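Worksheet: the structure to be examined is printed underneath.
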Amino acid sequence: MIYWLDIFGVAVFAVTGALAAGRKNLDLFGVVVLGLVTALGGGTVRDSILGATPVFWITDTAYIMVAALAALLTVAWARWGRLPQNLLPIADAVGLATFTVIGAQKALSLGVNAEIAVMMGVMTGVVGGMVRDVLCGEVPLVLRQEIYATASLFGAIIFVTLNHLFPAQAVATWIAIGAVLGLRLAAIRWNLSLPVFAHEDKR
Amino acid sequence: MIYWLDIFGVAVFAVTGALAAGRKNLDLFGVVVLGLVTALGGGTVRDSILGATPVFWITDTAYIMVAALAALLTVAWARWGRLPQNLLPIADAVGLATFTVIGAQKALSLGVNAEIAVMMGVMTGVVGGMVRDVLCGEVPLVLRQEIYATASLFGAIIFVTLNHLFPAQAVATWIAIGAVLGLRLAAIRWNLSLPVFAHEDKR
Amino acid sequence: MIYWLDIFGVAVFAVTGALAAGRKNLDLFGVVVLGLVTALGGGTVRDSILGATPVFWITDTAYIMVAALAALLTVAWARWGRLPQNLLPIADAVGLATFTVIGAQKALSLGVNAEIAVMMGVMTGVVGGMVRDVLCGEVPLVLRQEIYATASLFGAIIFVTLNHLFPAQAVATWIAIGAVLGLRLAAIRWNLSLPVFAHEDKR
């Protein structure tokens, strides 16, 4: 079940990568690259930092296939259909929630402590989108947007705490996924955001 | 022979990095950094992802020396000579071809499967140029340009296929290098390119 | 003693990351991310390349705590106090000096040769700031600025040389830290810089 949510998250993140490529008029190769980077970037950086190499998509190539396919289908969909603009943020929230929990879980299974597991959860959730935006020549959305990374941070903390308290991992998993989803969807619905730090110096 | 082609590829890619630095008015340190990053970036990311650390240029420092020297010679050359504008794309194509084949070969020697070997070949060929462009504040050329990464992908597939079919690796190596070169030079000559995905949404 | 200098360097670099976030109007999460990336980026890339994973801040979480706290305190400080604009470059120079020496030392302790140790020292000192600038959508300052990376390079060479000549590591450490600091402060004081490579081609 978690595996299928993970695959679903990969597909959704690949779609956001492909759409970003479309806004920059990239060619088909660029579309696939942005799809792959957005979908697999977070987990790749997590695994490299933890030394869990070769990284996860080397041993299970389903991830690459799904991401590349999702990116290409986005192009076809944009050309011959109508992309459901309202569905995408919700699907993206599901991806964020799953990636966060899976990232924290993998870190814990490698024996790191609680703070690091939280950080790896957030990293798995947000780094892909950051690299996507940097490749598009933009300041990452996640650094300026409504509550996005904060929802991931909140969920990662809940997961690591509950995982410590309850023997059955399923409890922590589902409550944490629900927490990210709830906070993220509330942020979209009511336009919640963190305070901004605006500072001008004379350098 | 392959080793010398590899060194040649490193030198050529370092020259393209130095020229990009020149367009951005970077200082001499910036020139060397862009040269190193362009020449060694692809293989470094490949080795990190595969867990083949320390990465290749740690154990053979010839790579760093050649890249740094090539970057500095580019500055001297631009100041006192005339850079042969026509030769550069051809040399760059040779570098791309060699890096692709060497990347796929190294991945196979580490025991990954065919899809991953193809992906690692392309990554070795194009990631250095992508980091170069990002450091220059630009959307990577390879994501928008005429057939470049596609030539690398084509060559990597040919290499992995032939390598599977023939016992002698030399056959696969030379045919694949020829394939990348041929496709890339044809793309330059006739301005071939992949279709572009232009998509505007209301976000 | 070196450990505390290292922690001091982490705090100072996190402050420069937070200030960069303030110039781009990022939210509080963005401030913390830029603080962490600037403070820990160089060592993270160094450890990944050397295969010394999990990277240094996984096993000692004091680094993350100090960097995050320093980033958040910068926001409070900018709002309720006055940031001492003159102190910052000097503190930054201390961070650069310490990171350079610690990076080279760690590389040597992992058994690499002298050139690689020098390169890892410089990388530890400058990569964090480069990633910070790229995330802000700018060409890294260190590639265009007055003598900055060059001071790091100078100190790394001195450290590796002295470390080879003298049995007591403290000698090499303090002389090298002094060398980076001296050159960097001289560069700030008299506006020293490397020659710039300006090149226009017809591509």
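This one's a predicted model, so the numbers in the text were calculated from it and none came from an experiment. So you know, we letter chains A, B, ... as the sequences are listed, proteins then strands, and number each from 1.
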Per-residue contact mode, C:Asp133 against chain B (heavy atom under 4.5 angstrom): neither

Contact class of B:Val31 relative to chain C, heavy atoms under 4.5 angstrom: side chain

Nearest non-hydrogen partners of B:Ser48 and C:Ser48, listed with the distance: OG-O, 4.3 Å

Worked check of side chain to side chain contact (heavy atoms under 4.5 Å, CB included) between B:Ile58 and C:Met120: CA-CA 10 Å; B:Ile58 298 286; C:Met120 291 297 141; 3.7 Å; yes

Side-chain heavy atoms of C:Ile49 within contact of B:Trp57, under 4.5 Å: yes

Point-to-point distance, once rounded to the nearest 0.5 Å, from OG1 of B:Thr61 to CG of C:Asn113: 5.0 Å

B:Leu26 and C:Val139, any side-chain heavy atoms less than 4.5 Å apart: yes

B:Thr59 side chain reached by C:Ile116 side chain, heavy atoms, under 4.5 Å: no

B:Leu28 CG to C:Leu143 CG distance, which is reported to the nearest 0.5 Å: 12.0 Å

Which atom of B:Asp27 lies closest to which atom of C:Val142, heavy atoms considered: OD2-O, 4.4 Å

Close side-chain approach of B:Ile64 and C:Glu115, heavy atoms under 4.5 Å: no

Top of B:Val75, B:Leu36, B:Val55, B:Asp47 for chain C proximity - count of heavy-atom pairs under 4.5 angstrom: B:Val75

Part of B:Val33 within contact of chain C (heavy atom distance under 4.5 Å): side chain

